[in-house]
Amino acid sequence: MLLLLLTAAVLLAPVPRLTPTATSVPTAPVPAVPAVGRAWPVGVRPPILRGWEPPATTYGRGHRGVDLAAPAGTPVRAVAAGRISFAGRVAGKGAVSVELPGAGDPPLRTTYEPVRAVVKKGDEVEAGEVVGTVEATGSHCTETCVHWGLRRADTYLDPLSLLPPWLLRRGPSRLLPVLGVPLPSQSTGC
């Protein structure tokens with residue numbers, strides 16, 4: 001019985017987030033991010049090659065986004081509806097930024113790189129709409145990937161926080177026994 005309860009507790013525990021460890025340097029409180037995302041930037045639940053690691057200071061070490069495995073040529077989609085605030089090249093890499101209206105003040109902005117843009121500044125996009133394709137070069141990953149970032153003004157945030165729980169779940173649903181409920185009677189009663 002104890003084993004059953006422990007198994008249920010582990011299976012029902014929330015999915016761990018890729019955040020700093022308890023030994024990390026404390027940082028300022030992270031502003032709330034509404035779960036307005038409706039699609040992954042690439043694929044469906046793509047492998048996360050490197051998670052968000054917020055820097056301890058403004059210019060400190062860290063990883064200011066999430067790296068998602070994606071072969072060159074993979075369509076890159078807007079996670080949420082918004083307006084293209086940038087589509088071009090930065091330091092030789094293709095990049096697309098989407099401002100998300102209605103997600104707080106100042107508004108949130110997602111970025112995707114290295115991406116060959118198929119949109120231009122000022123375009124309105126819907127969640128799931130293709131904004132570009134993953135470029136073969138320019139990635140900082142050991143394999144081809146897309147770096148997905150999220151900012152509110154000058155504050156970097158965890159882009160996974162944009163996704164609602166149903167998009168973050170991994171693996172199939174599992175049915176667990178209900179404890180304390182009597183089994184149905186075996187008699188037919190007819």
Side-chain angles (χ1 to χ4, degrees), residues 18-19 27-28 30-55 57-164 167-168:
L18 299 172
T19 57
T27 58
V30 176
V33 174
V36 296
R38 296 293 172 255
W40 283 91
V42 290
V44 178
R45 292 186 188 98
I48 297 173
L49 301 176
R50 184 173 178 194
W52 182 65
E53 300 164 13
T57 63
T58 303
Y59 301 105
R61 297 175 74 173
H63 189 239
R64 293 162 173 85
V66 173
D67 293 338
L68 304 172
T74 299
V76 177
R77 300 177 184 284
V79 170
R83 179 184 304 262
I84 304 298
S85 58
F86 180 84
R89 301 198 75 74
V90 177
K93 297 179 188 180
V96 174
S97 294
V98 182
E99 188 172 287
L100 310 178
D105 186 36
L108 292 169
R109 185 174 67 238
T110 62
T111 57
Y112 313 96
E113 66 175 54
V115 173
R116 181 176 313 282
V118 297
V119 292
K120 62 185 184 313
K121 183 176 180 178
D123 287 352
E124 297 280 338
V125 294
E126 293 298 320
E129 187 174 332
V130 174
V131 297
T133 57
V134 177
E135 292 183 328
T137 60
S139 170
H140 59 255
C141 301
T142 57
E143 59 185 272
T144 310
C145 75
V146 66
H147 177 84
W148 172 31
L150 175 65
R151 288 175 67 174
R152 184 182 302 280
D154 292 332
T155 303
Y156 289 92
L157 303 167
D158 182 359
L160 292 175
S161 62
L162 281 175
L163 299 179
L167 271 176
L168 288 171

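Hydrogens, waters and symmetry mates are skipped; everything else that's a heavy atom, side chains included, is used. Quick caveat: nothing in here was measured; it's all calculated off a predicted structure.
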Expected output: side-chain Glu113 to main-chain Lys93 donor-acceptor under 3.5 Å: no
Taking every heavy atom of Tyr112 against every heavy atom of Pro41, the minimum-distance pair comes out as CE2-CB, 3.8 Å
Over 12 non-hydrogen atoms of neighbours within 6.0 angstrom of CZ in Arg116: no
Got a second to check how far Leu49's CG is from His147's NE2, nearest 0.5 Å? 12.0 Å
dist Ile48:CD1 -> Asp67:CG (nearest 0.5 Å) comes out at 10.0 Å
State the CD-OG1 distance between Glu99 and Thr110, to the nearest 0.5 angstrom. 10.0 Å
Between Arg151 and Thr111 (side chain of the first, backbone of the second, donor and acceptor by atom type, cut-off under 3.5 Å), is there such a pair? no
Supply the atom-to-atom distance Trp148 CH2 to Asp158 CG, rounded to the nearest 0.5 angstrom. 8.0 Å
What pair of heavy atoms forms the shortest contact from Leu163 to Ala39, and how long is it? CD2-O, 3.7 Å
Could you report the tightest heavy-atom contact between Arg45 and Leu167, atom names first, then the distance? NE-O, 3.6 Å
Nearest atoms (heavy-atom pairs only) where Pro106 meets Ala153: CG-CB, 3.7 Å
With a cut-off of 6.0 Å (strictly less than), are more than 12 heavy atoms of other residues, nucleotides or ligands near CD of Glu124? yes
What's the shortest heavy-atom distance between Pro101 and Gly82, and which atoms? CD-CA, 3.7 Å
Would you compute the distance between atom CZ of Arg64 and atom CD of Glu53 and round it to the nearest 0.5 angstrom? 10.5 Å
Roughly how far, to the nearest 0.5 Å, is the CG atom of Leu100 from the CG atom of Leu150? 7.5 Å
Residue pair Thr144 / Glu135: nearest heavy atoms and the distance that separates them: CG2-O, 3.9 Å
